[in-house]
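As structure tokens, the structure follows; a few thoughts come after it.
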Amino acid sequence: MKKTIIKELFWFVMSALIALILAFVFLGLLNLTSSEQTMNSFEKLFTIQLYIVGWIVSFITIYIFRIVIKGIIKFL
């Protein structure tokens, strides 16, 4: 039981770290630009919200892929 908990905790941390990277990729693909040289507070808030959404979506997607792959391996 202890081994399973440690394994799941490891996957949770790894998924969170990979999701951070994928969230940056997500923002990079959106190619957000501002009409001014510096972003105003609304644009900063919008960018942070998009980053958080990108992180959540990436995290959930990583876990879904992990579950599907684990299921396929157990099925075969």
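None of these values were measured; they are calculated from a predicted model. Starting from 1, each residue takes its place in the sequence as its number.
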Residues forming a ring pair (Phe, Tyr, Trp, His ring centres under 6.0 Å) with F24, sequence neighbours excluded: Y51
Where do A23 and S58 come nearest, in terms of heavy atoms and distance? N-OG, 4.1 Å
Connected to L45, directly or through other members, by ILVMFWY side-chain contacts below 4.5 Å are none
Transitively linked via ILVMFWY side-chain contacts under 4.5 Å: L30 with F46? yes
Same cluster for F26 and L17 if Ile/Leu/Val/Met/Phe/Trp/Tyr side chains link at under 4.5 Å? yes
When rounded to the nearest 0.5 Å, the distance separating CD1 of I48 from CG of L27 is 10.5 Å
Hey, any chance W11 and I56 share a hydrophobic cluster, counting ILVMFWY side chains that come within less than 4.5 Å of each other, even indirectly? yes
Residues forming a side chain to side chain contact (heavy atoms under 4.5 Å, CB included) with V53, sequence neighbours excluded: V57
Does W55 use its side chain to pair, donor to acceptor, with the backbone of I21 at less than 3.5 Å? no
So, do S15 and Y63 sit near enough that their side-chain heavy atoms are less than 4.5 Å apart? yes
Could you pull out all residues at least two apart from I64 that satisfy side chain to side chain contact (heavy atoms under 4.5 Å, CB included)? I60, V68
If Ile, Leu, Val, Met, Phe, Trp and Tyr residues are connected whenever their side-chain heavy atoms lie under 4.5 Å apart, and connections chain through other members, are L20 and V13 in the same group? yes
For E8, which residues count as a side-chain hydrogen bond (donor to acceptor under 3.5 Å, both in side chains) partner, sequence neighbours excluded? R66
What one should report as the nearest heavy-atom pair of T38 and E43 is O-OE1, 4.3 Å
I'd like to check I62 versus L22 (side-chain heavy atoms, cut-off strictly below 4.5 Å). Are they in contact? yes
Would you say the side chain of F10 lies within less than 4.5 Å of the side chain of I6, judging by non-hydrogen atoms? no
Contacts of F12 that satisfy ring pair (Phe, Tyr, Trp, His ring centres under 6.0 Å) - sequence neighbours left out: F59
